[in-house]
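What's counted below: heavy atoms across the whole structure, side chains too, no hydrogens, waters or symmetry copies. Note on naming: letters A, B, ... go to the chains in the order of the sequence lines (proteins, then strands), and numbering restarts at 1 for each one.
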Amino acid sequence: MSSQPPNFPPDQDPNNRLRQAVRGAAAPPHLPVKIRQQLDQVRQRKATALWARPWVPVAALLVVGVAGGLMYRSGHRALPVNPQEVESAALLSNVSHTMRPGLDDHLHCSVYGGNPVPNRMPALAEAVQDLPPQFRELLAAVQRHIPEQFRIYSAHECLRSGRKFVHLQLTTDSQLLSVIVTSRGVDESFVRDKIIPSLAGAGTSIYQAKTLRFQMAALETRDYLAYVVSDLSEQQNLDLMTAMAPEIRLALEKLES
Amino acid sequence: MAGDLSGAQESSGIAQTASANFETEAMPHLNDLYRSAVRILGDPQRAEDVVQEVYLQAWKSFHRFETGTNCRAWLYKILFHCVHHHRRKWFRFPLLKETEEFLESSLTAPAVIPEQLTDADILAALDQIPGDFRAAVLLVDVEEFAYKEAADILGVPIGTVMSRLSRGRKLLREHLADVAQSYGLGRAAKAKQS
């Protein structure tokens, strides 16, 4: 859209020119993110409204009682009791045991608004000020490989269900992406989950999962699990993790030694 | 865990499917809706608000949408509904009526089609067309909806769409001819030079 005097081929169809002029405008980058956040809020409200119905608490108590008994027997301690937890439990049930912590943190911190995309993007120094210093190498690895349209809006340590995560939150014009690291639990291993790695090379196996629009790629080291969770395409998400994997592994192994 | 929460997960599973379908069917049309809203409302901020509302309404009534039918046309129908609603709220004055007197006064001579114009010129000329005509031009010429689809979106008979489109196109070309003339281009300028 220039304000210079006109200059285009004389035989051009005016309708084509009109289409070209109008289609030159694209939605602002933050609009899809705002819409998705708004829809997520509506979904949550809708789920909350269900609990206002008089018969629901009674039915829920019954379900919770039965489920509690069954969960107790199968060794689980945490029981999802609010609608958001129920929804996330449903999503988490679609992925393997070892994949769950990364998805859980992404859902609650990035998607459900625990730490949402700010209206004003902070400068990098401000965004990463809460990142524990020992994870600076992880940050550097992410910065080196992340496509340039992504911006880091937060790098911090967070707590979810009593578990600590290092969480790098990134956003592009319409997508959310998390790079998450957490200590590996004794019963957590993709190998033990019998998941076949999507890619394996240079001592790093990468494991993938998907639920709804969330794509996950993950790797494990002796003491840590690292995840890339995003709403990119499956291939883009995998490519990103593949590019970062050697340096993430190296950074985590330094912490282990 | 899956077994323990089967009831909740079943309903949540349905919600997930709906979310996935909505994401696949509706979100790809965001740019189309936004640029149309900007041209119709003439204000990017209002266009953003309206497009957000469109997606909210679409989400709430997505259960009524039949997968495989034209989601884009359905979203445009919601867009025009929201635009009419917001116009009443924001402007509180009557829109230009499509009276024969007005049309006659607007269509005094056959329109000149200018040969060279910038995108900015074209958009400025489009913005000068009365709203109803502009909507028809946007839907049919820009977004390439069929007359029948445009009629359904606007909630008017197909004949009205064709009439508005024809008049909208003529007005647009007249405005463009004026702009071209101001640049020293087009038939009038050539006549002046000779």
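- Minimum heavy-atom separation, B:Q52 to A:I35: CG-CG1, 3.9 Å.
- Proximity to chain A (any heavy atom under 4.5 Å) is restricted, for B:L138, to the side chain, taken from C-beta onward.
- Comment: A:R17 engages B:D119 in a salt bridge, judged by a side-chain N to carboxylate O separation of less than 4.0 angstrom.
- In terms of modelled atom types and a separation under 3.5 Å, the side chain of B:N31 and the main chain of A:A26 share no donor-acceptor contact.
- For B:E23 and A:R36, the salt-bridge test passes: some basic side-chain N is under 4.0 Å from an acidic carboxylate O.
- Smallest separation of non-hydrogen atoms from A:Q38 and B:L56: NE2-CD2, 3.8 Å.
- Within a 6.0 Å radius of CG in A:N119, no more than 12 heavy atoms belonging to other residues, nucleotides or ligands are found.
- Within a 6.0 Å sphere centred on CG of A:L159, other residues, nucleotides and ligands contribute more than 12 heavy atoms.
- Neither the backbone nor the side chain of A:H97 has a heavy atom closer than 4.5 Å to any heavy atom of chain B.
- The two residues B:Y55 and A:L39 make their nearest non-hydrogen contact at O-CD2, 3.9 Å.
- Heavy-atom neighbours of chain A within the stretch residues 147-155 of chain B, taken at a separation under 4.5 angstrom, are nonexistent.
- Using a 4.5 Å cut-off on side-chain heavy atoms (C-beta onward), A:K34 and B:E48 make contact.
- Closest non-hydrogen pair, A:P28 versus B:Y34, comes out as CD-CZ, 3.4 Å.
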Applying side-chain contact (heavy atoms from CB on, under 4.5 Å), run through B:V137 and A:L18 and close with a yes or a no. CA-CA 10 Å; B:V137 170; A:L18 177 63; 3.5 Å; yes
Going through the checks in order, is the side-chain contact (heavy atoms from CB on, under 4.5 Å) test met by A:V22 and B:I122? CA-CA 9 Å; A:V22 175; B:I122 293 170; 6.0 Å; no
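- Salt-bridge formation is detected for the pair B:E144/A:R23: a Lys NZ or Arg NE/NH1/NH2 atom is positioned less than 4.0 Å from an Asp or Glu carboxylate oxygen.
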